[in-house]
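Inspection log for the structure reproduced underneath, given as structure tokens.
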Amino acid sequence: KGDVSGNITPSSMQSYFGRITYAYDNKYLFQATLRNDNSSLFAPDKRSGYFPAVSAGWVISNESFWGLEAVNNLKFRASWGENGSTSNIQAGQWKALVTKDGLKYPDALGNYHTVGELKALPNEDITWETTEQTDLGFDLRAFNNKLSLGFDYYKKVTRDLLTPSSPPLSTGYPAPYANAGDVTNKGIEIELGWRETQRQLNYGINLNLTTINNEVTFLNPLLTRVDGASLPVLGTITSFELGKPVWYFRGYKTDGIFQNQAQVDAYKTSLGSVTTWNPTPGSPIVVDANGDGDITDQDKTYIGDPHHDLLIASTIDFEYKGFDLKIFLQGAFGGENFIALAIVDNRPSNRPEYFFTDRWTGEGSTNSFPKATYSDPIFYSSDLMVQDASYVKIKQIQLGYSLKPELIRQMGMSSLRIYLSLDDYFTFTKYKGIDPEVGSFSNNSQGIDRGLYPIASRFMTGLSVTF
């Protein structure tokens with residue numbers, strides 16, 4: 001007979017919501033909302049947050065002066081609003097954590113008493129993470145509704161981002177959560193579609209395009225930089241810093257590979273005081289980013305980020321005499337991944353093939369990848385571990401056939417469709433890891449490729465029946 005045990009971490013949320021909606025003559029549209037959220041995840045005087053939103057639209061194509069017959073509908077719209085989030089914190093993270101584990105204090109008689117000590121610093125000032133978004137755009141339908149076009153300019157500012165802070169190491173305590181700063185995302189979104197029927201052929205094509213510009217636009221004045229995800233031996237890999245993309249990759253910049261000892265000696269002479277690093281032929285040439293004449297952790301700088309600049313998605317469908325074909329593809333461009341497949345603290349682990357096929361093997365062999373090494377922290381923390389993660393994926397190709405209704409009515413069915421489908425079968429990328437879509441354990445570890453199992457390709461066939 002065994003016992004079942006577990007932990008309880010209670011939390012609660014209380015919300016109030018109000019909305020006003022107004023529409024006049026299908027021309028003028030207005031809506032306003034106000035939301036009040038109260039969360040137990042914050043200190044008592046920080047639990048309440050108010051989040052307003054407002055939107056307006058003008059259907060100009062319904063005006064009496066409208067005279068463009070080719071345009072069936074045109075609506076201009078604008079919106080602004082705020083949302084609150086607690087997704088990055090858990091119950092009690094604003095409180096101090098006290099522990100008594102392994103602690104005993106002797107008295108004058110030699111008796112030991114249980115005592116406690118501070119294990120984690122408190123921060124009773126943390127409050128709601130707030131996202132403010134402004135959107136300006138229009139929707140258009142034209143040519144008897146065959147053409148559809150949507151356009152948006154958006155600016156999304158996440159204020160008071162909730163994340164672990166970086167207190168001085170002299171405190172000796174883990175980082176408490178803090179409202180570290182603001183992150184701004186802005187760009188445009190375009191949705192373009194065409195749908196038409198010609199005799200027995202019915203087809204449609206849709207394309208979505210989104211551009212993204214990501215930047216940390218405010219950092220708590222008490223912080224110079226917030227450390228993010230880390231790897232064994234290598235330490236911090238991602239950072240949160242003013243003027244940089246959120247949780248960018250921070251490491252050593254390189255400028256080629258040492259080809260011979262004379263080049264190594266000239267490099268050391270030019271810097272003047274290289275004392276903590278001893279490169280040899282085949283090692284990467286590391287840039288002295290802070291200009292102090294030595295190569296140390298202080299030379300780590302921006303070496304890439306996981307945020308794509310452009311996202312696309314497209315659907316294509318055809319129907320002809322009972323046959324149908326559907327294709328769905330998506331792509332992302334401009335983002336990068338940090339190769340963490342080859343972990344320094346586990347030498348027997350597998351390394352990607354290119355670690356061996358592309359390596360430096362002697363003078364003149366290559367100037368882009370160093371000699372083989374299991375544990376060089378400079379190499380494994382450098383931009384040589386960062387790769388372009390752009391890709392295009394055909395997520396689905398599905399071919400189907402629907403039997404004619406007169407053939408299946410006698411069996412009590414209203415429709416019967418047979419289909420074959422290839423899902424996640426085709427990926428086009430120059431990325432040398434397993435899969436450019438690497439996933440993440442948390443917000444601050446986006447783009448770190450730890451070798452998680454990739455999305456499986458699937459071949460499926462089936463029936464879809466309606467009675």
Side-chain angles (χ1 to χ4, degrees), residues 166 214-216 219 224-231 233-307 309 334-340 342 344 352 354-355 358-389 430-433 447-449:
S166 297
N214 174 279
E215 183 183 354
V216 175
L219 183 65
T224 56
R225 183 177 57 250
V226 179
D227 294 335
S230 61
L231 293 173
V233 179
L234 303 181
T236 300
I237 298 298
T238 64
S239 293
F240 183 98
E241 188 173 347
L242 184 64
K244 301 287 197 304
V246 64
W247 302 123
Y248 71 92
F249 303 131
R250 187 168 183 268
Y252 298 100
K253 275 194 172 184
T254 62
D255 188 25
I257 306 299
F258 289 113
Q259 299 297 318
N260 49 56
Q261 187 59 45
Q263 194 175 6
V264 173
D265 295 339
Y267 170 82
K268 289 184 175 181
T269 301
S270 66
L271 292 187
S273 60
V274 180
T275 59
T276 59
W277 184 50
N278 187 31
T280 58
S283 298
I285 302 173
V286 179
V287 175
D288 180 18
N290 69 348
D292 67 352
D294 200 357
I295 301 300
T296 67
D297 280 352
Q298 300 305 311
D299 291 302
K300 288 185 176 182
T301 185
Y302 172 88
I303 57 173
D305 67 83
H307 308 294
D309 304 314
E336 294 157 313
N337 288 344
F338 187 95
I339 299 288
V344 177
Y354 76 92
F355 272 47
D358 296 352
R359 77 186 190 279
W360 183 89
T361 57
E363 185 171 354
S365 59
T366 181
N367 195 42
S368 58
F369 206 74
K371 62 185 178 181
T373 174
Y374 277 113
S375 57
D376 181 2
I378 297 289
F379 164 49
Y380 284 102
S381 298
S382 74
D383 54 9
L384 296 170
M385 294 292 100
V386 177
Q387 285 193 9
D388 181 10
K430 293 182 179 180
Y431 182 62
K432 294 181 179 180
I448 299 180
D449 188 351

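Atom set for the values below is all heavy atoms of this structure, side chains included, hydrogens, waters and symmetry mates excluded.
- Remark: Phe369 engages Tyr354, Phe355, Phe379 in a ring pair (Phe, Tyr, Trp, His ring centres under 6.0 Å) (not counting sequence neighbours).
- Among residues two or more places apart in sequence or in another chain, the side-chain contact (heavy atoms from CB on, under 4.5 Å) test is passed with Thr361 by Arg359, Ser365.
- Taking CG of Leu231 as the reference point, atom OG of Ser381 lies at 8.0 Å (rounded to 0.5 Å).
- Side-chain contact annotation: Asn214 with Tyr248, donor-acceptor N/O pair under 3.5 Å absent.
- Look at Arg250 and Asp227 and you find no salt bridge, because none of the NZ, NE, NH1 or NH2 atoms lies under 4.0 Å from a carboxylate O.
- Between the side chains of Lys268 and Asn278, at least one donor N or O sits under 3.5 Å from an acceptor N or O.
- Between Gly335 and Asp388, the shortest heavy-atom distance links the atoms O-OD1, 3.3 Å.
- Without hydrogens or angle criteria, Glu336 side chain to Asp305 main chain gives a donor-acceptor distance under 3.5 Å.
- Every residue meeting the side-chain contact (heavy atoms from CB on, under 4.5 Å) condition with Ser273, not counting sequence neighbours, appears here in chain and number order: Asp294.
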Legend entry - Trace of the side-chain contact (heavy atoms from CB on, under 4.5 Å) decision for Ser239 with Lys244: CA-CA 9 Å; Ser239 293; Lys244 301 287 197 304; over 6 Å; no
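- Using modelled atom types and a 3.5 Å distance limit, the side chains of Thr236 and Lys300 yield no donor-acceptor pair.
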Inset, instruction - Could you give me the CA-CA distance, side-chain angles and deciding distance for Val386 and Ile339, then say whether side-chain contact (heavy atoms from CB on, under 4.5 Å) is met? - result: CA-CA 6 Å; Val386 177; Ile339 299 288; over 6 Å; no
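- Inspection of the Glu363 and Asn260 side chains reveals an N or O donor paired with an N or O acceptor under 3.5 Å.
- Within the structure, ring pair (Phe, Tyr, Trp, His ring centres under 6.0 Å) contacts touching residues 262-300 (residues at least two apart or in different chains) are Phe258-Tyr267.
- For NZ of Lys253, the number of neighbouring non-hydrogen atoms (other residues, nucleotides, ligands) closer than 6.0 Å is 12 at most.
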Inset, instruction - Mind running side-chain contact (heavy atoms from CB on, under 4.5 Å) on Gln298 and Asn290 for me, showing each step along the way? - result: CA-CA 7 Å; Gln298 300 305 311; Asn290 69 348; 3.5 Å; yes
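- Listed by chain and residue number, nothing satisfies the side chain to side chain donor-acceptor pair (under 3.5 Å) test with Asp299 (two or more places apart in sequence, or in another chain).
- For the side-chain contact (heavy atoms from CB on, under 4.5 Å) test, residues two or more places apart in sequence or in another chain that qualify with Thr254 are Pro284, Ser382, Asp383, Leu384.
- Rounded to the nearest 0.5 angstrom, Phe240 CZ and Trp247 CH2 are separated by 6.5 Å.
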